[in-house]
Amino acid sequence: MRRVTVAGDAPYEVVIGPGAGAELGLVLAGTSKAAVVHAPPLAAAAGAAVESLQTAGVAAEAVVVPDGEAAKTAQVAARLWDEFGRLGLTRSDAVVGVGGGAVTDLAGFAAATWTRGIRVVQVPTSVLGMVDAAVGGKTGINTAAGKNLVGAFHPPAAVLADTDALSGLSDAEFRSGLAEVVKCGFIADGEILRLLTEDPTGRRDTEELIERAVRVKADAVAGDLYDRGRREFLNYGHTLGHAIERVEDFGWRHGEAVAVGLVFAAELAGRAGLLSPADVGRHRSLVAAMGLPTRYAGDWSRLQAVMRVDKKARGASLRFVVLDGRRPGEAATPMILTDPDQAWLDAAWAAVSDEGTSS
Ligand SMILES: NC(=O)c1ccc[n+]([C@@H]2O[C@H](COP(=O)([O-])OP(=O)(O)OC[C@H]3O[C@@H](n4cnc5c(N)ncnc54)[C@H](O)[C@@H]3O)[C@@H](O)[C@H]2O)c1
Ligand SMILES: [Zn+2]
């Protein structure tokens, strides 16, 4: 089993590998009660979690919530609070979130708010959940005003990334999650890029890729739980990616939108003289080889307007994470580009929009 420790006020372990879920009983041994939150497609995995807990002497019960983003509402959170009350969960009890990022975000938020905070153990079942949503301590739900606008910083007690669960995940969801993995490669780990170049499906090296991506996220959040500094680099590809998601009314998968955003950010860095044409081309070719989109046909002025009101924008200025590869012989490192020249933005857009001529 692979193990990554996320440092902080309350350090925790991310366990990665086949059968990692079986450690649940161990992690929560001595706890008297637990609620295992899951959506219908993950009923079997939740059942295994309940069993593992019961064997360890924990009175565990499964609680079903809607699948996907439909779980992340105030109504569903309120239903969970009712269930926690019915189960009599106290401060020394625990919540377990089994599922994709939507369910772990919801379960984490419900745990953060129940009696002002009880432990949550996350059992992510999607690639995105394993490398991103379940790690780092951000939890939340959506409101009419937007996604993830209500939430809490509430680091988990442990994360059990059972790679056996991934066999049930669709290829499209798997690939979409890999967009976050390749993002981690670009900002901090050349070995991820090497592995994905050798096998762009990510199937051969899944565990190593997940471990490496978790390490990149763990390093970025350590000491920056509240998202005021280094953590922002994880936003690579996300400024345009989030705007595409919004403009598409979330009809695009997150990772697919981020994939286009990664190519756009590279093109932007190229225009700004920070990345060589070869580095820009590497973004495009690797993302394409992974079966992720590199182009997007859309309304550029609308996308720009949306980018300016991105939750992570500060004030009205446009901020992009870009790579600076100007030191010869050294790996490119992330930096923030604020309010880039309009000509660079337009040129980067031309390169990713369907009218683009750059290859
Ligand atoms: N908290 C954070 O830091 C953070 C970071 C990134 C993303 N997120 C959130 O994560 C969510 C997206 O997560 P996601 O991509 O996992 O989507 P998701 O949770 O909506 O899951 C996608 C689909 O895959 C299914 N699924 C998941 N695992 C499966 C498995 N093993 N077998 C079969 N089906 C499976 C789910 O039931 C769902 O239908 C968004 O709500 C996003 O806001 C949070
Ligand atoms: Zn993301």
Side-chain angles (χ1 to χ4, degrees), residues 6 21 37-46 48 64-73 76 97-109 112 120 122-142 146-156 159 161-184 187 206 213-214 216-218 220-221 224-227 231-242 244-246 250 252-262 310-312 321:
V6 184
V37 180
H38 71 93
L42 275 306
V64 188
V65 296
D67 191 34
E69 288 299 307
K72 290 177 61 171
T73 68
V76 177
V98 178
V103 165
T104 56
D105 271 12
L106 167 77
F109 176 66
V120 63
Q122 301 290 22
V123 183
T125 60
S126 64
V127 175
L128 185 108
M130 292 179 185
V131 301
D132 199 352
V135 179
K138 283 191 189 176
T139 72
I141 57 173
N142 307 325
K147 273 190 58 146
N148 301 321
L149 288 176
V150 171
F153 290 101
H154 187 60
V159 179
D162 192 332
T163 49
D164 281 342
L166 296 175
S167 60
L169 195 67
S170 72
D171 283 344
E173 291 293 342
F174 189 91
R175 268 199 304 272
S176 176
L178 281 189
E180 301 287 358
V181 175
V182 75
K183 171 201 79 180
C184 290
I187 60 175
T206 306
V214 167
V216 170
K217 178 146 190 189
V221 302
D224 189 20
L225 174 64
Y226 297 107
D227 204 358
R231 193 167 179 155
E232 190 175 2
F233 295 150
L234 295 170
N235 226 25
Y236 191 44
H238 281 59
T239 309
L240 182 67
H242 282 147
I244 291 174
E245 285 187 283
R246 287 272 304 277
F250 298 96
W252 270 49
R253 286 193 176 80
H254 177 69
E256 292 169 351
V258 167
V260 177
L262 291 171
D310 189 303
K311 175 174 58 131
K312 286 175 183 163
V321 179

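Atoms within a ligand are numbered from 1 in the order they appear, just like the ligands themselves. Everything quoted here is computed from the prediction, not taken from an experiment.
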Kindly identify the option in [options] whose heavy atom sits closest to [atom].
atom                    : options               : result
atom 40 (C) of ligand 1 : E69, H254, H38, E180  : E69
atom 10 (O) of ligand 1 : A172, G101, A39       : G101
atom 22 (C) of ligand 1 : H238, R231, E173      : E173
atom 5 (C) of ligand 1  : V258, V131, V98, D132 : D132

Can you find an N/O atom of T139 closer than 3.5 Å to an N/O atom of ligand 1?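 So ligand 1 has no N or O lying under 3.5 Å from an N or O of T139.
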Based purely on interatomic distance, does V103 place a nitrogen or oxygen under 3.5 Å from a nitrogen or oxygen of ligand 1?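 There is no such contact.
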Identified side-chain hydrogen bond (donor to acceptor under 3.5 Å, both in side chains) partner of H238 from the options E180, K183, E232: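 Checked E180, K183, E232 against H238; only one passes side-chain hydrogen bond (donor to acceptor under 3.5 Å, both in side chains): E180.
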Can you list the atoms of ligand 1 that are under 4.0 Å from a heavy atom of [X]?
X    : answer
S126 : 14 (P), 16 (O), 28 (N)
N148 : 43 (O)
K217 : 3 (O)
A165 : 30 (C), 31 (N)

Report yes if some heavy atom in the side chain of V131 is under 4.5 Å from a heavy atom in the side chain of C184; otherwise report no.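 Result no, sub-4.5 Å side-chain heavy-atom pair not found.
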Is there a side-chain contact between K138 and H154 in this structure, where contact means two heavy atoms from C-beta onward sitting under 4.5 Å apart?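 K138 vs H154: side chains apart.
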Assess P41 for proximity to ligand 1: is some non-hydrogen atom of it under 4.0 Å away?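 Within the 4.0 Å threshold, so yes.
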Let's go through H38 and V65 carefully: what are the C-alpha distance in whole Å and the side-chain angles of both, what is the deciding distance for side chain to side chain contact (heavy atoms under 4.5 Å, CB included) to 0.1 Å, and is it a yes or a no? CA-CA 6 Å; H38 71 93; V65 296; over 6 Å; no
Could you check [atom] against the protein and tell me its nearest heavy-atom contact, residue, atom and distance included?
atom                    : value
atom 27 (C) of ligand 1 : T125 OG1, 3.5 Å
atom 39 (O) of ligand 1 : D67 OD2, 2.6 Å
atom 8 (N) of ligand 1  : A133 CB, 3.6 Å
atom 19 (O) of ligand 1 : A102 N, 2.9 Å
atom 20 (O) of ligand 1 : G68 CA, 3.4 Å
atom 9 (C) of ligand 1  : D105 OD2, 3.4 Å
atom 43 (O) of ligand 1 : K72 NZ, 3.0 Å
atom 26 (N) of ligand 1 : L169 CD1, 3.7 Å

I need the [X] [atom1] to [Y] [atom2] distance, nearest 0.5 Å.
X    : Y    : atom1 : atom2 : value
T73  : L106 : OG1   : CG    : 7.5 Å
W252 : I244 : CH2   : CD1   : 5.5 Å
L42  : L169 : CG    : CG    : 9.0 Å
K147 : I141 : NZ    : CD1   : 12.5 Å

If we ignore hydrogens and angles and just use 3.5 Å, is the side chain of [X] paired with the main-chain N or O of [Y] as donor and acceptor?
X    : Y    : result
K217 : D132 : yes
D105 : T139 : no
K72  : N148 : no

Between E173, E245, E69, which is the residue that forms a salt bridge (charged side-chain N to carboxylate O under 4.0 Å, His left out) with R253?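 Checked E173, E245, E69 against R253; only one passes salt bridge (charged side-chain N to carboxylate O under 4.0 Å, His left out): E173.
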Which atom of A107 lies closest to which atom of G97, heavy atoms considered: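 Heavy atoms only, the tightest pair is CB-CA, 3.7 Å.
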Could you count the protein N, O or S atoms found under 2.8 Å away from the Zn ion (ligand 2)?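 Considering protein N, O and S only, the Zn ion (ligand 2) has 3 within range.
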